[in-house]
Amino acid sequence: MTPTGTFWALVHHEFKLKGSCRKRNRSPIAKWWWIAYLSLIVIAAVSATTYFAINNTLRLENLWFVTFGLPYVLFFLGFGSLKREWENDTFGWWLTLPYPRLWLVGSKWIGGLLRAVLIWGIIFAFGTVYATVIALSLASYSFADVGFFMKAGFQWLFLIIGFSPLLTSLGILTASAPYTAIRPLTPILWVAFMGGGGLLYSGLPSGGANGDNFAAIMPFTWSIVAAMAVGLLVAYAVIRFCAYLLEHKLHV
């Protein structure tokens, strides 16, 4: 297999999460409890929004507010991808694979990004179908409302995906910290990244926070695109730094 083919085989392994359910001292049944909890949350959310739609008090685009936790999901996708090696007690095997550490860390990074894109695509498709059903079922909603809903959702999901390389890399850095020379910085990283996310949300326009217009707080400008490009470069630097730490500054 060519070096490129080997690297993408590693990415595929990370994307599929092979072996991730075999955590020590944890029953595989726990996975099904998480699925049950998630299903209950989805059912509750759909029931509540349907009630407001029937009473004509729901703006479809504001349904996207329920996805405001997605940036944190990105962070934990990166965090969990590396933390999993220690939880599964496979870090020794993983670190001794005959590949550069940059490949090992990079495959987790890219695998996490691919899972994020898949998750976001499913959410967008589900939201679009749900909004369409509402428009077909209730006379107070039209396909113009569905179109505006899709536009607002696309802008929001594009924003998330654009910054996903940076957010995922920060999760990987935070997960690697306790096992490397930067262990004393672990609490600072948690405060900086979790607190920083809270500050960003607090800076959103108050009108959007009140639900008046979701799309208004999701700007699509060239400055945002430039920030995404810078974020990608920073993310790559973070991944290289993590690889360096695991290569030369590992503490186990």
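Residues take their numbers from the sequence shown, with the count starting at 1. Note that this is a predicted model, so its numbers are computed, not measured. Any value given below was found using the heavy atoms of this structure, including those in side chains, with hydrogens, waters and symmetry copies removed.
- Nearest heavy-atom pair across Ile160 and Pro71 is CD1-CD, 4.5 Å.
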Could you list the donor-acceptor pairs under 3.5 angstrom formed by side chains in residues 227-250, with sequence neighbours left out?
{"residue": "Tyr236", "atom": "OH", "partner": "Arg240", "partner atom": "NH1", "Å": "2.9"}

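- Checking Ile123, Val117, Ile122 one by one against Ile119, the side chain to side chain contact (heavy atoms under 4.5 Å, CB included) holds for a single residue, Ile123.
- The backbone N or O of Gly78 sits less than 3.5 Å from a side-chain atom of Ser81, completing a donor-acceptor pair.
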Arg59 vs Tyr141, side-chain contact (heavy atoms from CB on, under 4.5 Å): CA-CA, chis, key distance, verdict:
CA-CA 9 Å; Arg59 295 184 62 165; Tyr141 294 92; over 6 Å; no
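- For the salt bridge (charged side-chain N to carboxylate O under 4.0 Å, His left out) condition, no pair includes a residue of residues 62-75, sequence neighbours left out.
- Listed by first and then second residue, the salt bridge (charged side-chain N to carboxylate O under 4.0 Å, His left out) pairs involving residues 138-152 amount to none (not counting sequence neighbours).
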Start with the C-alpha distance between Leu77 and Leu167, add both sets of side-chain angles, then the distance that settles side-chain contact (heavy atoms from CB on, under 4.5 Å), and finish with yes or no.
CA-CA 9 Å; Leu77 279 176; Leu167 295 171; over 6 Å; no
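- Across all their heavy atoms, Ser107 and Leu104 have their closest contact at OG-O, 2.9 Å.
- Residues that satisfy the side chain to side chain contact (heavy atoms under 4.5 Å, CB included) test with Trp8, not counting sequence neighbours, are Thr4, Val11, Ile110.
- Between Phe91 and Trp86, the ring planes lie parallel to each other; the angle is under 30°, not in the 30° to 60° tilted range.
- For the 3.5 Å distance criterion, the side chains of Trp109 and Ser169 fail to qualify, holding no donor opposite an acceptor.
- For the residue pair Pro165 and Gly162, the shortest heavy atom distance occurs at CD-O, 3.6 Å.
- Contacts classified as salt bridge (charged side-chain N to carboxylate O under 4.0 Å, His left out) and involving residues 103-122 (residues at least two apart or in different chains) are given here: Glu14-Lys108, Glu85-Lys108.
- Relative ring orientation between Trp156 and Phe68 is described as tilted, the plane-to-plane angle lying within the 30° to 60° band.
- Side-chain atoms of Tyr99 and Trp94, non-hydrogen and from C-beta on, never get closer than 4.5 Å to each other.
- Applying the salt bridge (charged side-chain N to carboxylate O under 4.0 Å, His left out) test to every pair with at least one member in residues 184-193, sequence neighbours left out, gives no pairs at all.
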As a quick check of understanding, evaluate side-chain contact (heavy atoms from CB on, under 4.5 Å) for Thr67 and Trp120, giving each step before the final call.
CA-CA 10 Å; Thr67 66; Trp120 301 172; over 6 Å; no
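- Of all heavy-atom pairs spanning Met150 and Phe124, the tightest one is O-CE1, 3.6 Å.
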Yes or no on side-chain contact (heavy atoms from CB on, under 4.5 Å) for Phe75 and Ile172, after CA distance, side-chain angles and deciding distance?
CA-CA 8 Å; Phe75 177 89; Ile172 292 175; over 6 Å; no
